[in-house]
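Each remark here refers to the structure printed beneath this line.
Here the structure is a predicted model, which means the values were calculated and not measured.
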Amino acid sequence: MHNFEKLKIWQKAMDIAVEVYEVSLLLPNDEKFNLIHQIKKCAMSIPSNIAEGSGRNHNKEFIQFLGIANGSTFELITQLILAKRLKLIKEETIQPIINRLVEVSNMNFSFQKTLKLKVLRLEY
């Protein structure tokens, strides 16, 4: 059991989620039920899965939820790139967010590796 609020990865993911919600206000209203909804859903999914996994009984379960969070990270990057390619939002607006998402993803992979080592030690 981990205190998710103290995890740097969760804190950074929360900051990104807030920023994505703010940026989604710049998108056209006719995207409200399509791209905006999907972008918000992914942004929320990243810290939510980190938090949910931290409350599980075993590190193996936590690793699984971190994997889901990473999937949402890459999904969100894709959606932001799509919004840029559709000329709905400027690159200078989304590139800093994408850079932070890549950072969170790298942190996530490192955290998963650390947890996997702990699981392996417990199995022996």
Side-chain angles (χ1 to χ4, degrees):
M1 179 89 77
H2 299 265
N3 183 348
F4 67 88
E5 291 175 292
K6 291 186 178 179
L7 295 172
K8 289 247 187 262
I9 188 173
W10 179 84
Q11 294 169 3
K12 287 180 180 278
M14 285 293 287
D15 291 343
I16 290 169
V18 168
E19 188 171 4
V20 166
Y21 264 70
E22 291 168 351
V23 165
S24 72
L25 297 172
L26 302 173
L27 294 169
N29 236 5
D30 63 337
E31 286 295 331
K32 186 175 187 178
F33 299 108
N34 296 312
L35 193 56
I36 293 172
H37 173 74
Q38 197 62 30
I39 285 173
K40 286 179 172 182
K41 186 176 171 187
C42 284
M44 185 177 18
S45 175
I46 301 165
S48 295
N49 277 292
I50 294 167
E52 184 173 354
S54 74
R56 296 296 174 139
N57 294 324
H58 303 286
N59 280 339
K60 281 185 180 181
E61 292 175 289
F62 194 4
I63 293 165
Q64 180 181 359
F65 278 90
L66 288 171
I68 295 167
N70 235 13
S72 294
T73 302
F74 287 108
E75 189 177 353
L76 180 54
I77 290 170
T78 299
Q79 292 159 1
L80 291 172
I81 291 170
L82 178 61
K84 177 188 80 171
R85 290 176 80 175
L86 292 170
K87 297 179 180 23
L88 300 174
I89 200 155
K90 295 179 181 173
E91 182 167 1
E92 57 266 17
T93 302
I94 63 157
Q95 194 57 53
I97 299 170
I98 291 173
N99 293 343
R100 284 191 287 288
L101 285 164
V102 170
E103 178 187 11
V104 165
S105 176
N106 290 337
M107 290 173 70
N108 191 333
F109 282 126
S110 294
F111 192 30
Q112 287 180 59
K113 188 187 278 187
T114 300
L115 291 175
K116 285 176 186 174
L117 289 172
K118 286 181 181 181
V119 168
L120 286 174
R121 279 190 229 123
L122 290 174
E123 289 178 351
Y124 287 108

inquiry  = Ignoring hydrogens, what is the shortest heavy-atom contact between P47 and W10? Give both atom names and the distance.
reply    = O-CD1, 3.3 Å

task = Indicate if I46 and V102 have the same hydrophobic cluster label, given that clusters are the connected sets of ILVMFWY residues with side-chain heavy-atom separations under 4.5 angstrom.
result = yes

query = How many angstroms lie between CG in L76 and OG in S105, if you round to the nearest 0.5 Å?
reply = 11.5 Å

ask   = Quick check: does any side chain N or O of T93 sit under 3.5 Å from a backbone N or O of I89, one acting as donor and the other as acceptor?
value = no

message = Suppose the criterion is ring pair (Phe, Tyr, Trp, His ring centres under 6.0 Å): which pairs have a residue in residues 83-106, not counting sequence neighbours?
response = none

Fellow cluster residues of M44, listed by chain then number, with links counted only when side-chain atoms sit under 4.5 Å apart = Y21

ask   = Do L7 and N3 have side chains that get closer than 4.5 Å, going by heavy atoms?
value = no

task = Determine which pairs satisfy salt bridge (charged side-chain N to carboxylate O under 4.0 Å, His left out) with at least one residue from residues 28-40, sequence neighbours left out, and list them in order.
result = none

note = So salt bridge (charged side-chain N to carboxylate O under 4.0 Å, His left out) across residues 73-82, not counting sequence neighbours, yields none

key: side chain to side chain contact (heavy atoms under 4.5 Å, CB included) against Q11, all qualifying residues, sequence neighbours excluded   = K8

remark   = The side-chain hydrogen bond (donor to acceptor under 3.5 Å, both in side chains) partners of S24 (sequence neighbours excluded) come to none

ask   = Can you list every ring pair (Phe, Tyr, Trp, His ring centres under 6.0 Å) pair that touches residues 44-74, not counting sequence neighbours?
value = H2-F62, F62-F111

request  = Would you please name every residue forming a side-chain hydrogen bond (donor to acceptor under 3.5 Å, both in side chains) with S48, sequence neighbours left out?
outcome  = none

query = Do the side chains of L115 and L66 get nearer than 4.5 Å, heavy atoms only?
reply = yes

message = My understanding is that only residues two or more places apart in sequence, or in another chain, count here; which of them pass side-chain hydrogen bond (donor to acceptor under 3.5 Å, both in side chains) with E19?
response = R100

Residues which pass side-chain hydrogen bond (donor to acceptor under 3.5 Å, both in side chains) with E61, listed by chain and number, not counting sequence neighbours = none

ask   = Applying ring pair (Phe, Tyr, Trp, His ring centres under 6.0 Å), which residue pairs with at least one partner in residues 77-104 are found, sequence neighbours left out?
value = none

query = Distance from L101 atom CG to Q95 atom CD, nearest 0.5 Å?
reply = 10.0 Å

query = Out of curiosity, I50 CD1 to M107 CE, how far, rounded to the nearest 0.5 Å?
reply = 8.5 Å

task = Name all residues meeting the side chain to side chain contact (heavy atoms under 4.5 Å, CB included) criterion together with E92; count only those two or more places apart in sequence or in a different chain, and write none if there are none.
result = K90

